[in-house]
Amino acid sequence: MEVGDCYIGWATDEDIRTRGASGGLVTAMLAAALEKGLVEAVVVLKKLGEFEAVPVVTSDPEEVKAAAGSMHSVPIVLSRYLDYGTKVALPAKPCDARSTIEQAKRGQVDIDTTYIVGLNCGGTMHPAVTRDMLDVMYKLDPADIEGEEIDKGKLIFETKDGKEHAIKIDELEEEGYGRRESCQYCDVNIPTMADIACGNWGVIGDLAGKGTFVEINTEKGIEILKNAIDAGAVEITPADDKGKAIRAKVDGAMMNVAAAANKKYLSPIEGSHLDYYMNALSDCINCGACKTVCPVCACGEGAKCTDFSSASDTYKMSLFHLVRFVHLMDSCIGCGQCTDVCPVDIPLTHIYQRFAVPMQEEFEYKPGMDMTTPPFFGVDLIEEGH
Amino acid sequence: MNENIFTTVCPGCSIACGMYVREKDDGTFDIDWRKDAVVNAGKLCRFGVRLSANLMNATSKVDGNEVEFSDAVTAAGKAISDGATFVSVGNTTCAEHLALMKLAGSKGAVVNTGMGAFSSIPAECHPTMGVGIPFDAIESAKKIILFIDPYEQYPLLVRRILAAKKNGAAVTAVGWKAVSLADDNKTIDPANYESELALDSDSVIIAELNPSTDPERVMVLLNLAKASGAAIMFMKPFVNAVGCDLASKKTEQKSLDQIIAEINDGSIKTLVCLDSDLIEIMPDETAVREALGKLDNLIVITSRTSAITDVAKIVVATEPLYKKAGTIVNAEGRALHNSGEGTDGIDAIGTMLGQPVGMYDEVHAALLATLGIDAVDERVIPAYEKPDYAAMDANPTAEAVETALVYAGGPFLWNGMVDDNDFVEMNLDMVLANSLLKGIPAKITSDAGEAAVKFKVSDVAPGVVLSNVKLPMTTGMVTSVTVSR
Ligand SMILES: Cc1cc2nc3c(=O)[nH]c(=O)nc-3n(C[C@H](O)[C@H](O)[C@H](O)COP(=O)(O)OP(=O)(O)OC[C@H]3O[C@@H](n4cnc5c(N)ncnc54)[C@H](O)[C@@H]3O)c2cc1C
Ligand code: SF4
């Protein structure tokens, strides 16, 4: 097994394979990593409802097994739950993986003890939007939903009576439903920065829906997959060229869709920038939720953004955000967490990305893509002679 | 490291935003966002975000000494005599409130929720004063009149009002401070509300009802709603104020001021407070401390350490709200159930009553009957009858002082918690007239003393000094003061 190899894999346990999103490979791998002592803890989503799950850090393989399946209406970034120094594994959408890398660059995550099990991702939906969408577009009661999947560009809900209800995602998004805005313009679908990248794209023939396409990206990726095979938890077969080509083609098509959304949403600011920022931030209530939830912020309590601003300031614009625009411009990955939690519904991710992306392009730095390039604001201590 | 995760609501105000609490092995906790929460998609204001920094669990005590929980319960059971007075403003579950009502009933007393306005206003108005409207309904209003400052007092209403504006609503704010989202900020004489505001049945009035609210003001607003057909929503500062009010039904209630007066005249000797810190809630902290000092028995059943736990004779420390089994009813009238299964509080009250087991099931069943539902479903608001009421004669007291220090009560103020809010706000004219200088605190003086406080220049009404924190020299929600350098 070598870095760069691609396989189709699945869980040997029939129950995990059935409950898993596409063969249960990820669940089986994470559980085996715990059972064999490769890691001390695993971060997974504990399912509380059809559209509700909460991240848990667990050392119980049964809890990992219970978490099998993809939850498209749970837009949470898991890297925020990592503890420095713990040998840990996590399933990681590209934003989970990229934020883990950015945290590692800032000394908050020990990358050598963190196994990033990447999940391809075409996007997540906000649960409140999903509920509205079910009501308005599908004419379904959210309480009747028993399962959901994405297939051939359609979002399909299964109801308790066993029926399937499908609508094209494009159509949903035209009506303002579907994926969160930040997911629409996210152009990283395959987590190449993770130790191993898993997904259903490229799984064809008899294995479609019953196998996971796996690409090995690092030695740690080999380690966690081999560990699961040795434990008898997982079986694999080499991916064929046709599957690889399909996967690359779908990825390319998704990147084009993202580029179009990027143009639509992240166009340069027209007119006075001062007016734009003053208006956009005028309702900020200084709650700090966006900072607390930010998976790339590495500052903790004594941060520049909070130190330089106070509720007693008379400024007409939030200094807190002004500092954060600058401070996050080399790490903002556009994951959408700040927008999701903003109590006054400021589209923060949009505003931060509009500031950060041109800067990232200027400095040719895309955050979270690998461990080798330091952040463009980072000072290379060795080069500086320290 | 192990964690227990609780699905609960923020205890900061009657909005009751959904949240998770992650409790660690060592008892410390963090909050997390519950994006699928029906109330505000789990979005939280600064109070909710900072909850773990501010909430400290209580410790059981008798005469200032730490004791076991069971010893505190026994001591409280003995000390609660006939003639005791009971207060529960709505900072705990309906189950605990109902259990306390049973205990109070056994002593020939009622539980006072502290909202004195309920006793001074005819009972047919109570349903309208108690339960508000669904937050979604704010978004579809054509006209919104704010008698609150949503940014400071009820921050999670801001997004609802902004959504209404996007849908074409016109927003007018009537208050001490200009509200930036309002199309129009006005000061109006209550006698002219009807003519100047021109409301109709597509309008929504948002006001506040707290223990210090002048009942006459409530009557004026009820009259306005009646005359125009507008919907009216009285926000409350306490998370379960609505639930406790519904549970209490129409029992005669004393206002907190009345309770303090009766302690001072010696007719109340034993006071039992369930998660209700009068020192925090009432504006004149010094007067409240003095009165509480006159009691024979101050018994506090509470989940958190606060000013009152320092001066109580007996503290019965119960589990934090997020851990309690039970239901909260928010300002919309929505019943929200905690995932926690803790029954310390219920068991304590049950034990004092001689009913140490089975109390939870009994009181929870009573709550469901009151709400007219079979089970709590957070996504379905129970149906509430709101009968018509007659217009009332109302004469709100005019705040005729030249310079007034006014409390803008937000979650931090009502919960006595310190935050980045240790300043007052006044307009530029007042700053210039008093030669105040940036960086030098303003001196604020009243009959009760003086304080030096940071100030911020804001668009507040002339003569108003607005405060989000309690200052030591205040004597009411509005205090006559002078300002100097
Ligand atoms: C939101 C989302 C979108 C996806 N979109 C695509 C796509 O467009 N194309 C593609 O090829 N593959 C996509 N995938 C990956 C695919 O659905 C499977 O996760 C992958 O094929 C692995 O399948 P499995 O059966 O091995 O995983 P499972 O054994 O089912 O394990 C899934 C693991 O993912 C975790 N998880 C579930 N939901 C989330 C979430 N929202 N965030 C973080 N972790 C989560 C679970 O806790 C569990 O540990 C997506 C996954 C998710 C979560
Ligand atoms: S204090 Fe009120 S508005 Fe703020 S988070 Fe808590 S419940 Fe919501």
Side-chain angles (χ1 to χ4, degrees), chain A residues 40-41 46 48-60 71 73-76 80-81 83 86 124-132 141-143 180 282-293 301 306 309-316 320 337 339-346, chain B residues 1-7 15 17-18 20 22 30-38 40-50 53 150-152 155-163 166 180-181 339 377 379-380 410 419-425 428 431 438 453-458 468:
Chain A
E40 302 155 71
K46 180 176 181 168
L48 300 180
E50 204 49 55
F51 313 109
E52 180 173 10
V54 59
V56 289
V57 184
T58 182
S59 45
D60 177 3
M71 299 197 74
S73 295
V74 178
I76 295 173
R80 209 161 61 77
Y81 303 87
D83 222 3
T86 309
T124 52
M125 299 175 292
H126 193 286
V129 175
T130 303
R131 286 177 182 278
D132 278 355
D141 180 351
R180 299 177 310 149
S282 64
D283 293 310
C284 174
I285 55 167
N286 205 21
C287 68
C290 51
K291 175 179 182 294
T292 311
V293 83
E301 278 287 317
T306 45
S309 66
S310 153
S312 62
D313 291 339
T314 310
Y315 307 115
K316 295 274 183 226
F320 166 76
Q337 297 304 300
T339 292
D340 283 357
V341 301
C342 177
V344 291
D345 291 344
I346 302 173
Chain B
M1 180 202 57
N2 278 317
E3 274 186 326
N4 277 320
I5 301 173
F6 298 89
T7 304
I15 296 180
C17 301
Y20 298 121
R22 302 176 160 272
D30 281 326
I31 62 97
D32 208 341
W33 283 265
R34 185 185 171 211
K35 296 184 185 181
D36 195 32
V38 63
N40 286 320
K43 291 167 181 254
L44 303 167
C45 75
R46 188 175 171 94
F47 184 87
V49 173
R50 297 182 60 79
Y151 292 98
E152 300 291 345
L156 262 295
L157 288 186
V158 171
R159 60 189 292 262
R160 306 296 187 163
I161 302 162
L162 289 172
K166 263 195 191 151
S180 62
L181 58 64
S339 71
D377 177 349
R379 296 196 182 267
V380 182
D419 185 46
D420 180 20
N421 56 4
D422 53 343
F423 59 90
V424 294
E425 296 176 70
L428 189 58
V431 170
K438 191 171 159 50
V453 197
K454 271 196 293 187
F455 68 91
K456 169 178 176 173
V457 179
S458 295
N468 284 295

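Throughout, protein chains are lettered first and strands after them, A, B, ... in sequence-line order, and every chain is numbered starting at 1.
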Inset, instruction - Kindly indicate whether the side chain of A/Asp313, heavy atoms from C-beta on, has any atom under 4.5 Å from the side chain of A/Phe320. - result: no
Legend entry - Option that, when pairs with chain B are counted at under 4.5 Å, heavy atom only, ranks first among A/Pro127, A/Pro142, A/Ser73, A/Gly49: A/Pro127
Legend entry - side chain to side chain contact (heavy atoms under 4.5 Å, CB included) partners of A/Ile285, counting only residues at least two apart: A/Cys287, A/Pro343, A/Val344, B/Cys45, B/Tyr151, B/Pro155
Legend entry - Heavy-atom pair count under 4.5 Å with chain A, highest-scoring of B/Val424, B/Asn421, B/Asp32, B/Ile31: B/Asp32
Inset, instruction - Ignoring hydrogens and angles, tell me if any N or O in the side chain of B/Lys456 forms a donor-acceptor pair with the backbone of A/Ala311 under 3.5 Å. - result: yes
Legend entry - Contact class of B/Thr7 relative to chain A, heavy atoms under 4.5 angstrom: side chain
Inset, instruction - For the residue pair A/Asp340 and A/Arg180, establish whether any side-chain heavy-atom pair is separated by less than 4.5 Å. - result: yes
Inset, instruction - Find the one option among B/Arg34, B/Arg22, B/Glu425 whose heavy-atom pairs under 4.5 Å with chain A are most numerous. - result: B/Arg22
Legend entry - Per-residue contact mode, A/Leu48 against chain B (heavy atom under 4.5 angstrom): side chain
Legend entry - Closest contact, heavy atoms only, B/Leu156 versus B/Leu44: CD2-C, 3.7 Å
Inset, instruction - With a 4.5 Å cut-off on heavy-atom pairs, point out which of B/Arg50, B/Arg379, B/Glu152 contacts chain A the most. - result: B/Arg379
Inset, instruction - Name the region of A/Asp60, side chain, backbone, both or neither, that has any atom closer than 4.5 Å to a heavy atom of chain B. - result: neither
Legend entry - Contact class of B/Asn40 relative to chain A, heavy atoms under 4.5 angstrom: neither
Legend entry - Proximity breakdown for B/Lys454 and chain A, heavy-atom pairs closer than 4.5 Å: side chain
Legend entry - Region of B/Arg160 in contact with chain A, defined by heavy-atom distances below 4.5 Å: neither
Legend entry - With A/Ser282 via side chain to side chain contact (heavy atoms under 4.5 Å, CB included) - residues at least two apart: none
Legend entry - Interface moiety of A/Pro75 toward chain B, non-hydrogen atoms closer than 4.5 Å: both
Legend entry - Heavy-atom closest pair, residues B/Gly42 and B/Ala37: N-CB, 3.7 Å
Legend entry - A/Ala53 portion near chain B, given a 4.5 angstrom heavy-atom threshold: backbone
Legend entry - Backbone N/O of A/Cys342 and side chain of B/Lys43: donor-acceptor pair under 3.5 Å: yes
Inset, instruction - Can you tell which part of B/Ile5 gets under 4.5 Å to a heavy atom of chain A, answering side chain, backbone, both or neither? - result: side chain
Inset, instruction - Considering non-hydrogen atoms only, spot the tightest contact between A/Thr86 and A/Ala41 and give its length. - result: CG2-CB, 4.2 Å
